[in-house]
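Because only heavy atoms are used, hydrogens play no part in the values below, and waters and symmetry mates are left out as well, while side chains stay in.
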Amino acid sequence: MASRHLARSIVLQSLFEWDFYKKEPNLKEILKRNIEKFGGNFNEVEFAESLVEGVVKHLQKIDEIIQQSAPERPLNQLGLVDRNVLRIGLFELLYGDKKEVPPKVAINEAIELGKTFGGESSGKFVNGVLGTVYKEIK
């Protein structure tokens with residue numbers, strides 16, 4: 001697994017746990033533990049940390065965008081995986097360094113995370129939401 005994809009997977013697992021426990025545990029500690037557990041010979045710690053910090057920093061706005069882009073699925077009714085995949089994807093799409101991670105790469109990575117960790121329709125749902133946002137920001 002490529003290092004950046006592994007970083008996103010670890011970030012997703014960390015956000016999932018954090019969200020599951022109602023944002024009570026320390027997210028940085030969860031991330032650190034997951035990097036140690038799943039990272040192996042991992043050289044993208046800074047990238048993973050920047051994703052987590054960025055998602056948390058922009059969480060309110062990102063969640064508003066999810067709600068606006070998928071009004072038929074209230075945020076609190078979204079599955080934890082789909083919600084956090086969208087958070088990562090939207091952070092990279094809206095706030096990330098476009099030279100480092102082009103928008104289409106951010107979308108494709110989020111779709112793959114959805115397919116890997118979510119339900120059978122997660123990839124399509126993530127693609128629909130991120131595709132809609134991408135068209136609007138262009």
Side-chain angles (χ1 to χ4, degrees):
M1 182 180 296
S3 293
R4 290 273 170 110
H5 186 73
L6 177 58
R8 289 181 184 94
S9 297
I10 292 170
V11 167
L12 174 60
Q13 292 169 7
S14 301
L15 287 170
F16 180 98
E17 182 178 340
W18 182 68
D19 201 9
F20 180 82
Y21 289 110
K22 311 278 189 255
K23 301 176 180 95
E24 287 299 318
N26 183 313
L27 182 53
K28 289 183 181 185
E29 289 301 315
I30 294 170
L31 178 64
K32 181 180 175 186
R33 185 185 69 238
N34 286 338
I35 288 171
E36 290 171 3
K37 185 173 183 179
F38 303 114
N41 191 11
F42 187 63
N43 61 356
E44 292 290 350
V45 172
E46 287 181 23
F47 178 72
E49 289 172 342
S50 72
L51 281 178
V52 163
E53 289 169 8
V55 167
V56 170
K57 179 179 179 183
H58 300 284
L59 187 63
Q60 184 176 352
K61 183 63 179 168
I62 289 170
D63 284 353
E64 289 172 10
I65 292 167
I66 293 170
Q67 195 61 64
Q68 292 168 359
S69 302
E72 71 285 351
R73 289 182 150 173
L75 192 68
N76 64 348
Q77 292 179 9
L78 280 179
L80 287 171
V81 170
D82 291 351
R83 180 167 54 221
N84 287 294
V85 166
L86 286 172
R87 287 172 172 164
I88 294 168
L90 284 168
F91 169 73
E92 287 196 283
L93 187 61
L94 299 172
Y95 303 103
D97 182 348
K98 307 295 186 269
K99 292 178 183 174
E100 190 175 333
V101 180
K104 290 186 179 184
V105 172
I107 293 170
N108 287 336
E109 283 289 325
I111 292 167
E112 288 306 312
L113 287 174
K115 287 179 180 178
T116 301
F117 294 101
E120 68 180 59
S121 64
S122 292
K124 290 179 183 178
F125 176 66
V126 168
N127 185 33
V129 172
L130 295 181
T132 298
V133 173
Y134 179 65
K135 286 176 189 172
E136 289 180 17
I137 62 174
K138 272 180 87 175

Q) Glu136 and Val133: side chain to side chain contact (heavy atoms under 4.5 Å, CB included), yes or no, with the steps? A) CA-CA 5 Å; Glu136 289 180 17; Val133 173; 5.6 Å; no
Q. Taking all atoms of both residues into account, what is the closest heavy-atom pair of Ala7 and Ala48, and its distance?
A. CB-CB, 4.2 Å
Q.
Between Leu94 and Lys61, is the side chain to side chain contact (heavy atoms under 4.5 Å, CB included) condition met? List the steps.
A. CA-CA 10 Å; Leu94 299 172; Lys61 183 63 179 168; over 6 Å; no
(Q) So, taking the atom named NZ in Lys104 and the one named CG in Asn108, what distance separates them when rounded to the nearest 0.5 Å? (A) 9.0 Å
Q) Can we say Asp63 and Arg83 salt-bridge, meaning some charged N sits less than 4.0 Å from an Asp/Glu carboxylate O? A) no
Q) side chain to side chain contact (heavy atoms under 4.5 Å, CB included) between Asn84 and Phe117: does it pass, once the steps are laid out? A) CA-CA 11 Å; Asn84 287 294; Phe117 294 101; over 6 Å; no
(Q) Strictly below 4.0 Å, N to O, side chains only: are Glu17 and Lys23 in salt-bridge contact? (A) no
Q | Heavy-atom neighbours of Phe38 CZ exceed 12 at 6.0 Å | A | yes
Q: Flag the pair Ser9 / His5 as yes when at least one side-chain heavy-atom distance between them is below 4.5 Å, and no otherwise.
A: yes
Q: Can you measure from CG (Asn34) to CG (Leu15) and round to the nearest 0.5 angstrom?
A: 10.0 Å
Q | Closest approach of Pro103 to Tyr134 (non-hydrogen atoms, all atoms of both residues) | A | CB-CE1, 3.4 Å
Q. Which atom names give the shortest non-hydrogen contact between Pro25 and Ile30, and what distance separates them?
A. CB-CD1, 3.6 Å
Q) Between Pro71 and Ser69, which heavy-atom pair has the shortest distance, and what is it? A) CD-C, 3.5 Å
Q | Minimal non-hydrogen separation, Lys98 against Glu92, with atom names | A | NZ-O, 4.0 Å
Q.
With a 4.5 Å cut-off on side-chain heavy atoms, are Arg73 and Ile66 touching?
A. no
Q.
So Arg8 and Glu112, do their side chains get closer than 4.5 Å, heavy atoms only?
A. no
Q.
Contact between Trp18 and Val56 at the side-chain level, heavy atoms closer than 4.5 Å - yes or no?
A. yes
Q: Can you measure from CD1 (Ile10) to CG (Leu51) and round to the nearest 0.5 angstrom?
A: 11.0 Å
Q: Side-chain contact test, heavy atoms from C-beta onward, threshold under 4.5 Å: evaluate it for Phe91 versus Leu59 and give yes or no.
A: no
**Q.** Glu100 and Arg4 ion-paired at < 4.0 Å
**A.** yes
Q) Are Lys115 and Glu120 close enough for a salt bridge, meaning some N to O gap below 4.0 Å? A) no
Q | Rounded distance (nearest 0.5 Å) linking atom CD1 of Ile111 with atom OG1 of Thr116 | A | 11.5 Å
Q: For Ile88 and Val55, work out which heavy atoms get closest and say how close.
A: CA-CG2, 4.1 Å
Q | From CG (Leu75) to CG (Asp82), nearest 0.5 Å | A | 11.0 Å
Q.
As an exercise, state the distance from CD of Gln13 to CD1 of Ile35, rounded to the nearest 0.5 Å.
A. 11.0 Å
Q) Can you list the steps and then say if Leu31 with Glu49 is a side chain to side chain contact (heavy atoms under 4.5 Å, CB included)? A) CA-CA 8 Å; Leu31 178 64; Glu49 289 172 342; 3.9 Å; yes
